[in-house]
**Student:** 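Below is the structure I would like to discuss, written out as structure tokens.
The structure displayed is predicted, hence computed values, not measured ones. Positions are given from 1, in the same order as the sequence printed here.
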Amino acid sequence: MLYRYLMYLTRWQLSTPILAVCVVYFARFGSVGSTVIANLIGGLIFFWVDRIIFTAKVGEPLWAIREEVRCVDCGQIARGFRLVAARNYDRTRDTRPEFRCEGCSKSKLIDLRGRGIVLE
């Protein structure tokens, strides 16, 4: 959350000179008119930037879950879990995904943390 907040504050500071230029350029419409036009232009630009800031899945792990799979570690048929992507882990193009039961999945997470994979 702190990362998103810092990104938002940076975006906010970057919008100031852009909107100031708009207010000066449209000064012939008066102070209220130029402010309204500048805010409309700012909304057109920064809506998309804010959308990226607040919807991006930065650092959040992506999981795949399937019902009734055979665990690759213990062979049990159960709900299967698979870590697909995390901050420094990416198996999105894995052609042979490995699903694990809940118990084996927890063991695998401990192993990944031990190898420096960041999951939070």
Side-chain angles (χ1 to χ4, degrees):
M1 187 64 180
L2 178 63
Y3 176 78
R4 289 177 199 262
Y5 184 62
L6 292 174
M7 290 297 297
Y8 181 73
L9 289 177
T10 302
R11 193 280 306 163
W12 192 265
Q13 292 304 312
L14 292 175
S15 68
T16 302
I18 293 170
L19 296 179
V21 168
C22 291
V23 167
V24 170
Y25 183 79
F26 294 108
R28 64 182 171 268
F29 296 107
S31 60
V32 173
S34 64
T35 302
V36 168
I37 294 169
N39 282 322
L40 287 172
I41 292 170
L44 290 170
I45 295 170
F46 295 110
F47 169 82
W48 303 105
V49 175
D50 289 347
R51 185 174 172 192
I52 291 168
I53 291 171
F54 291 111
T55 60
K57 302 289 184 194
V58 178
E60 296 178 22
L62 173 64
W63 289 88
I65 302 171
R66 289 192 187 157
E67 298 294 330
E68 306 266 334
V69 297
R70 184 172 301 277
C71 176
V72 296
D73 291 340
C74 70
Q76 175 184 0
I77 304 266
R79 176 181 288 162
F81 300 88
R82 171 181 172 249
L83 180 62
V84 179
R87 189 174 303 161
N88 52 350
Y89 180 89
D90 187 357
R91 298 290 188 269
T92 53
R93 291 190 169 85
D94 194 350
T95 57
R96 300 180 71 198
E98 296 180 344
F99 285 86
R100 291 173 172 78
C101 66
E102 186 174 356
C104 293
S105 180
K106 287 179 182 178
S107 297
K108 180 69 174 181
L109 287 177
I110 292 168
D111 177 54
L112 290 174
R113 283 189 181 110
R115 290 193 280 151
I117 305 299
V118 179
L119 298 173
E120 285 83 34

**Student:** Drop me the distance from Arg91's CZ to Leu62's CG, to the nearest 0.5 angstrom.
**Tutor:**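 So the CZ of Arg91 and the CG of Leu62 are separated by 13.0 Å.
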**Student:** Pairs of donor and acceptor atoms involving the side chains of residues 69-80, under 3.5 Å and at least two apart or interchain, shall be tabulated with distances.
**Tutor:**
residue: Arg70; atom: NH1; partner: Gly75; partner atom: O; Å: 2.8
residue: Asp73; atom: OD2; partner: Arg100; partner atom: NE; Å: 2.8
residue: Arg79; atom: NE; partner: Glu67; partner atom: OE2; Å: 2.7
residue: Arg79; atom: NH2; partner: Glu67; partner atom: OE2; Å: 3.0

**Student:** Atom CD in Glu98, atom SG in Cys104: separation rounded to 0.5 Å?
**Tutor:**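 Glu98 CD to Cys104 SG: 11.5 Å, rounded to 0.5 Å.
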**Student:** Check residues 14-31 and write down every donor-acceptor pair under 3.5 Å in which the side-chain atom is one partner and the other belongs to a residue at least two apart or another chain.
**Tutor:**
residue: Ser15; atom: OG; partner: Trp12; partner atom: O; Å: 2.6
residue: Thr16; atom: OG1; partner: Trp12; partner atom: O; Å: 3.4
residue: Arg28; atom: NH1; partner: Tyr25; partner atom: O; Å: 3.4

**Student:** Working note: Leu40 + Val36, criterion side-chain contact (heavy atoms from CB on, under 4.5 Å); need CA distance, chi angles, decisive distance, verdict.
**Tutor:** CA-CA 6 Å; Leu40 287 172; Val36 168; 4.2 Å; yes
**Student:** Could you state whether Met7 and Ile45 fall into the same hydrophobic cluster, counting links through intermediate Ile, Leu, Val, Met, Phe, Trp or Tyr residues with side-chain heavy atoms under 4.5 angstrom apart?
**Tutor:**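 Hydrophobic grouping puts Met7 with Ile45.
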**Student:** Filter on salt bridge (Lys or Arg N to Asp or Glu O under 4.0 Å), then keep only pairs touching residues 39-50, sequence neighbours left out; what's left?
**Tutor:** Arg11-Asp50
**Student:** Measure the shortest side-chain to side-chain distance between Trp63 and Leu83 over non-hydrogen atoms and say whether it is less than 4.5 angstrom.
**Tutor:** yes
**Student:** Quick check for you: to the nearest 0.5 Å, what is the distance between Lys108 atom NZ and Phe81 atom CZ?
**Tutor:**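 It comes to 16.0 Å.
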**Student:** Would you compute the distance between atom CG of Asp94 and atom CZ of Arg96 and round it to the nearest 0.5 angstrom?
**Tutor:**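 Going from the CG atom of Asp94 to the CZ atom of Arg96 covers 9.0 Å.
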**Student:** How long is the span from the CZ atom in Arg82 to the CZ atom in Phe99, to the nearest 0.5 Å?
**Tutor:** 5.5 Å
